[in-house]
Amino acid sequence: MNEAQKAYDALIRESREIARLASIGSLLSWDEHTYMPQGGAENRAEQSSMIARMVHERATSPKIGEWLAAIEASDLVRDPHSNIGANVREYRRSYDRATKIPAALVEELSRTEVLAQQAWAEARKQSDFLKFAPWLRKTVDLKKQEAECVGYQGHIYDALLDPYEPDETSANLRGVFEGLRGPLVDLIERIAGSSRKPPVELLERTYPSALQEQLARLGARTIGFDFDAGRLDVSVHPFCSDEGPGDVRITTRYDEQYFGDAFFGVLHETGHALYEQGLPKKDLFGQPIAEAISLGIHESQSRLWENLVGRSKSFWEHFLPKAKDVFGETMRDVTLDAWHFAINDIRPSLIRVEADEATYNLHILLRFELEQAMLTGDLAVDDLPGAWSERMQKYLGITPPNDAKGCLQDIHWSGGSIGYFPTYTLGNLYASQFFEQAGKDLGALDAQFAKGEFGPLLGWLREKIHRHGKRYSARELVKRATGSELSAKPLLDHLNRKASELYGV
Ligand code: ZN
């Protein structure tokens, strides 16, 4: 066997062990957010940081750099889309990023993260941005240093976008997002002016948690979640956690006075889980080609099931009778049309995580624009609340009454996650693009949903997206699956259709 092949085999072995270690960390984190008693918090923090340290040490070991160099000099990587070609490209990407940032900066970033999050939580409680401002300034400064260490070709933002959305550029996103903004502002204004109002009262009746859970489990199973390879539990903030081959866990929370949270939340997390369950981890665990390509693609899978499937009329043609069976008297008078309208309540609101599928994107555009401006210095951190309000007014026609409901609402920036927000809207854009193409390829999706058949759509996603892992970049994947580049049109078409059908505008 030649040296390059030996190096590749060693790299794969090492990478599988590192992935096992990381999956232990993931399981610890899942437990922390679901079942761990409060008393375990301190030891859990020690356990988690110990695992994280072990993962980091092994992933940045010089021997990985030597193996990579030996493989890259050989013809093993001739085909960039072969297993080896794709794996080595992605190993190189993560190895370079991890080794280019000096240990002192990594430490400073993680120390600042802990303190900044504490300051943020306190500032949010008191709705006082000034208490968080020094920490945000420091975070922005450290992230700029990080960007300089890893390097970038175009905008400094690209260096921070890269770990979440590899190969994407802020210039490309700016172009697509700008094409989205005007039509979206216009659409939301038209909807706000419509005399038709959704009967949201239907969602605000008393829905007992145990029954919500029963229906949520049925929903997850019906669209394809494998409960032999996953779980559903309760946590304060819903998430999907991949614990390695054969084990993907999702969580939700139940609000007895509101139907929407848990059910659509579970469809959302199930979408993430279906992606994880569809990656070829059984044989290729630990290799990049068995991992999700980007956060935007991940989010496209959750949004597709939550919004494009879960908020469609045909889905409820199948599901409303089942919901009525579960909730009995509470839902007896609910009609399909009224329910479909109620779950598609589109209206401007202050809080991103509560926003509907249309207004949500304007919340993201605002954050995307402001974080770029803070990085370049065009916006001083102290001026953030004002800039936030100004944009909220311009995009959604409302102004937050205080900082807690404005620029202090999200945890992201306090945790150093600058460059993360656009992946949410990317998810919405990709989801619509995939869904439109799946409809063309599979025909009459609505007729299938109405009969409770979701297998063909899942099969399409498995074939076009899931099984490829990181073989293709997100941009290539979209091009291959849909024949076109990232575009705002399918999402706008979808929302316009909905607005016309439900709101008559
Ligand atoms: Zn998500």
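We count ligands from 1, going down the list as the structure has it; atoms in each ligand are counted the same way.
Each ring pair (Phe, Tyr, Trp, His ring centres under 6.0 Å) pair with one or both residues in residues 292-311, not counting sequence neighbours, appears once here: His272-His298, Tyr275-His298.
Taking distances strictly below 2.8 Å, the protein N/O/S atoms close to the Zn ion (ligand 1) are His268 NE2, His272 NE2, Glu299 OE1.
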Residue pair Ser349, Glu354: steps toward the side chain to side chain donor-acceptor pair (under 3.5 Å) verdict: CA-CA 8 Å; Ser349 60; Glu354 293 165 6; 5.9 Å; no
Lys322 vs Leu218, side-chain contact (heavy atoms from CB on, under 4.5 Å): CA-CA, chis, key distance, verdict: CA-CA 9 Å; Lys322 303 202 178 318; Leu218 182 63; 3.7 Å; yes
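With sequence neighbours left out, Tyr254 forms a ring-ring contact (aromatic ring centres under 6.0 Å, His included) with no residue at all. Residues satisfying the salt bridge (charged side-chain N to carboxylate O under 4.0 Å, His left out) test with Arg124, not counting sequence neighbours, are none.
Remark: Lys144 NZ is packed, more than 12 non-hydrogen atoms of other residues, nucleotides or ligands lying under 6.0 Å away.
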